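Below, read A as the first sequence line, B as the second, and so on, with proteins coming before strands; counting in each chain starts at 1. This structure is a prediction, so every number in the text was calculated from the model and none was measured.
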Amino acid sequence: MSYKDKVYVEDLAKHIDQEVELNGWVYNKRGKGKLQFILLRDGTGTAQCVVIKGNLSDEMFEEAKSLTQESSIKVKGKVVANEKAPGGYELDTSNIEIYQISKDYPITPKEHGDSFLIEHRHLWLRSSRQHAIMRVRAAIQKAIRDFFDNSGFKLMDSPMFTPNACEGTSTLFETEYFDLGKAFLSQSGQLYAEATAMSLGRVYTFGPAFRAEKSKTRKHLTEFWMVEPEMAFFDLEDNMQLAEDLTVYIVKYVLDNCQKDLETLERDITKLEKITGNFPRLSYTEAVKWLNDNDIPLIKKIDGEDVEIRPFPWGEDFGAPQEEALMEQFDQPCFIYDYPADIKAFYMKRDPENNKVVKAMDMLGPEKAGELIGGSQREDDIELLEARIKHEELDMDDFQWYLDLRKYGSVPHSGFGMGLERTVKWITGAKHIRECIPFPRMIHRIIP
RNA sequence: UCCUGAGUAGCUCAGUUGGUUAGAGCAUCUGACUGUUAAUCAGAGGGUCCGGGGUUCAAGUCCCUGCUCAGGAGCCA
């Protein structure tokens, strides 16, 4: 028998009244004397196996009674449609073969605390909720690749070891690199995406990014995945439109392909169905005006005390309270663009008409999703870029290759980064980002 | 890094003003049950009350200290 002939729970509807063989793990068992219900999960779903004394040997029936949670088995039986069965189909069991009996599986069907679950992440992944989130994550990754692959983009992989910082220097993970001194784990593939965009026109990189920020929130990981498109001849307007189209595509793809998982997650899909395009756009200056019209202050820590400053001063970055207040009025994501240059990265393009402003944009998600995307048009003027690198006190030698991109055929170009786990968190409604990646890396946790 | 809270059975938690032998549900084990849906019912086993120090006739409970965890802030995707 070829592996292609294997039957999985998700295919049961195609095998009604046929004898099939399923391999999997015991998710739960309910005994009723001479009748046992075994809930078997195999990665594609769960199916109820009905074991009736007399339909198989007495020894086998006793073995079935002794099965424990997460024991691994092979079952043979006839597929029967039955309304009482979870999923609508069940297996009328005629044979059971045990791979291994699991003993004292730690995660029971009752509640558990956060830290217990995260310590058992390698097992927690088997729970139905985590299973559903991982499936949606995979669907989102596929949607992202399909979107770009079908719109003329090429996938380009950027290196993980880098000699320099792309964002702030204080948040880099360091490592020794042979005789060349220190190397850093990449915070972003953007600079390399820019170089490849000058070769291929439209590219995207999709990989992990590492940030040693000492953030301790439910939106932060030290290792997270980011998709970063970079496009030659795109201005900020084009950039925002692309980000919007990508977002709409992802949400639609998940709605079309993950109904069951969204149901398991009890996600309110009416909220997702509203994501259809024409996202609101506000300049930073308009956003500050809105904050002040609605009497939302800047909150600053001065000598350990929270101080409210009103009106909100132009030039300060938004924090969680401002973003949330702003987003409450929208049920689609929203773009904020044209930020003060002083609070943004060195590579962002100065507005030629206002040198206090850079052509940057953030896309904030609804339902308190926070920042899902950050991007900008890039500085294409070599002199302005050199000045910015000096101003940020970055090492000019490390950036010579990057400056070459402005020396040899510099063009207007733009790109953005979308945080995969934050997008998964928003779409699944997960309450913590640690549930949105198989093995989260956080400030105080590296095992498992 | 800062602020706040928590740590009692394998898990989730209760434990009064400091007072006999520290409790419950789930899980585990034993038994009953032919349609269960986190099955139910009867019984059993299971504890270094996070570590260290202190107050007291007496500490799970009060005080100091360390560790671990969670929530929030800042920073960011």
Side-chain angles (χ1 to χ4, degrees), chain A residues 27-39 46 48-55 61 65-66 68-70 80 82-87 90 92 102-120 127-128 166-168 170-171 187-190 208-228 243 298-306 316-321 323 343-345 362-365 369-375 416-426 431-434 436-437 442-445:
Chain A
Y27 194 67
N28 198 2
K29 190 189 66 171
R30 290 182 276 270
K32 192 82 176 78
K34 290 172 181 149
L35 175 62
Q36 302 286 320
F37 298 95
I38 297 164
L39 214 50
T46 54
Q48 176 165 278
C49 305
V50 184
V51 186
I52 297 171
K53 192 166 183 170
N55 288 8
F61 185 80
K65 270 176 87 166
S66 75
T68 52
Q69 198 189 350
E70 290 303 314
V80 184
N82 187 331
E83 279 179 18
K84 288 182 195 164
E90 62 185 20
D92 198 349
S102 150
K103 191 132 175 47
D104 296 331
Y105 185 70
I107 302 180
T108 65
K110 279 274 182 171
E111 319 142 28
H112 296 282
D114 294 333
S115 67
F116 178 81
L117 288 171
I118 200 69
E119 277 161 25
H120 294 84
S127 304
S128 59
C166 174
E167 310 284 337
S170 60
T171 59
Q187 300 167 304
S188 159
Q190 180 202 313
F210 306 89
R211 295 195 186 171
E213 288 157 10
K214 294 193 173 164
S215 310
K216 198 175 152 332
T217 80
R218 49 181 133 171
K219 287 184 196 166
H220 284 85
L221 294 165
T222 56
E223 178 182 324
F224 66 98
W225 281 63
M226 186 154 64
V227 59
E228 295 171 281
L298 171 71
I299 299 163
K300 253 203 164 163
K301 270 232 156 61
I302 297 171
D303 297 330
E305 296 264 318
D306 282 342
E316 291 286 340
D317 210 353
F318 301 140
E323 283 183 6
I343 56 172
K344 289 289 176 183
D362 282 348
M363 190 186 85
L364 307 177
E371 189 179 339
L372 301 171
I373 284 177
F416 62 83
M418 171 186 255
L420 176 64
E421 289 75 18
R422 286 191 181 174
T423 305
V424 173
K425 180 173 181 286
W426 167 47
K431 63 181 199 293
H432 199 297
I433 201 163
R434 69 184 153 219
C436 299
I437 185 168
M442 292 172 296
I443 178 165
H444 289 131
R445 191 173 297 281

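Counting non-hydrogen atoms under 4.0 angstrom, I299(A) reaches nothing in the nucleic acid. Among the protein residues, L372(A) comes within range of the sugar-phosphate backbone only, with heavy atoms under 4.0 Å from sugar or phosphate atoms but none that close to a base. Residue contacts for G31(A): at a heavy-atom cut-off of 4.0 Å it reaches a base atom on one of the strands shown. Using a 4.0 Å heavy-atom cutoff across all strands shown, E119(A) reaches no nucleic acid atom at all. N82(A) comes within contact range of at least one nucleobase, with a heavy-atom separation under 4.0 Å. At a threshold of 4.0 angstrom between heavy atoms, the contacts of A320(A) are confined to the sugar-phosphate backbone, with no base atom among them. As judged by a 4.0 angstrom heavy-atom cut-off over every strand, P86(A) is placed among the base-contacting residues.
For U1(B), the OP1/OP2 oxygens have a side-chain nitrogen or oxygen of K214(A) closer than 4.0 Å. H432(A) has a side-chain polar atom (N or O) that falls below the 4.0 Å cut-off from OP1 or OP2 of G71(B). The phosphate of G71(B) (OP1 or OP2) has a side-chain N or O of R434(A) nearer than 4.0 angstrom.
Counting atom types as modelled, H444(A) pairs no side-chain N or O with a base atom of C69(B) as donor and acceptor under 3.5 Å. Evaluation of atom-type donor-acceptor distances gives no pair under 3.5 Å for the side chain of K216(A) against the base of G72(B). Contact annotation: side chain of E83(A) to base of G35(B), donor-acceptor pair absent below 3.5 Å. No donor-acceptor contact under 3.5 Å links the side chain of H112(A) to the base of C11(B). The base of C69(B) lies outside donor-acceptor range of the side chain of R445(A), with no N or O pair under 3.5 Å. Applying the 3.5 Å distance criterion, the base of C75(B) shares a donor-acceptor pair with the side chain of S215(A). Counting atom types as modelled, Q48(A) pairs a side-chain N or O with a base atom of U36(B) as donor and acceptor under 3.5 Å.
Set against A77(B), A38(B), G35(B), the side chain of R30(A) has A38(B) as its closest nucleotide. With distances taken from any side-chain atom of R422(A) to the nucleotides G35(B), C76(B), C11(B), the minimum falls on C76(B). Comparing U36(B), C29(B), C69(B) by their nearest atom to the side chain of T68(A) picks out C29(B).
Looking only at distances, a side-chain donor or acceptor of T217(A) sits under 3.5 Å from a matching main-chain atom of K219(A). In this structure, E421(A) contributes its side chain and W225(A) its backbone to a donor-acceptor pair below 3.5 Å.
Taking the C1' atoms as reference points, G47(B) lies 34 Å from G72(B), given to the whole Å. Distance check on atom C1': U8(B) versus G25(B) gives 15 Å, rounded to whole Å. Nucleotides G15(B) and U61(B) have their C1' atoms positioned 9 Å apart, rounded to a whole Å. Across A42(B) and C63(B), the matching C1' atoms stand 47 Å from one another, rounded to whole Å. Using C1' as the reference atom, C57(B) and C64(B) are 23 Å apart when rounded to the nearest Å. Taking atom C1' in both C67(B) and U28(B), one finds a spacing of 31 Å when rounded to whole Å. For the P atom pair drawn from C69(B) and G74(B), the interatomic distance equals 23 Å after rounding to whole Å.
One interatomic measurement links the two molecules: CD1 of I443(A) to P of C75(B), which rounds to 16 Å at whole-angstrom precision. D104(A) places its CG atom 17 Å from the P atom of C26(B), with the value rounded to the nearest Å. Rounding to whole angstrom units, NZ of residue K32(A) and P of C41(B) are separated by 12 Å. When the P atom of C75(B) is taken as reference, atom CZ of R218(A) falls 18 Å away, rounded to whole Å.
If T217(A) and M226(A) are placed on RNA chain B by their nearest nucleotide, the residue sitting closer to the 5' end is T217(A). Both G374(A) and K103(A) lie near RNA chain B, and the one whose nearest nucleotide falls closer to the 5' end is K103(A).
L39(A) is listed as a side-chain neighbour of R30(A), based on a closest heavy-atom distance under 4.5 Å. Counting heavy atoms from C-beta on, the side chains of K431(A) and D114(A) come closer than 4.5 Å.
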Start with the C-alpha distance between Q69(A) and T108(A), add both sets of side-chain angles, then the distance that settles side chain to side chain donor-acceptor pair (under 3.5 Å), and finish with yes or no. CA-CA 8 Å; Q69(A) 198 189 350; T108(A) 65; over 6 Å; no

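Under the Watson-Crick or G-U wobble criterion, with both distances below 3.5 Å, A59(B) is left unpaired in every strand shown.
In this structure, F224(A) counts as stacked on the base of A77(B) under the 5.5 Å centre distance and 30° plane angle limits.
Remark: S102(A) pairs with T68(A), E70(A), S71(A), Y105(A) by the side chain to side chain contact (heavy atoms under 4.5 Å, CB included) rule, at least two apart or across chains. For E119(A), the salt bridge (Lys or Arg N to Asp or Glu O under 4.0 Å) criterion is met by no residue, not counting sequence neighbours.
The aromatic rings of F116(A) and H112(A) lie parallel to each other, with less than 30° between the two planes, well short of the 60° mark.
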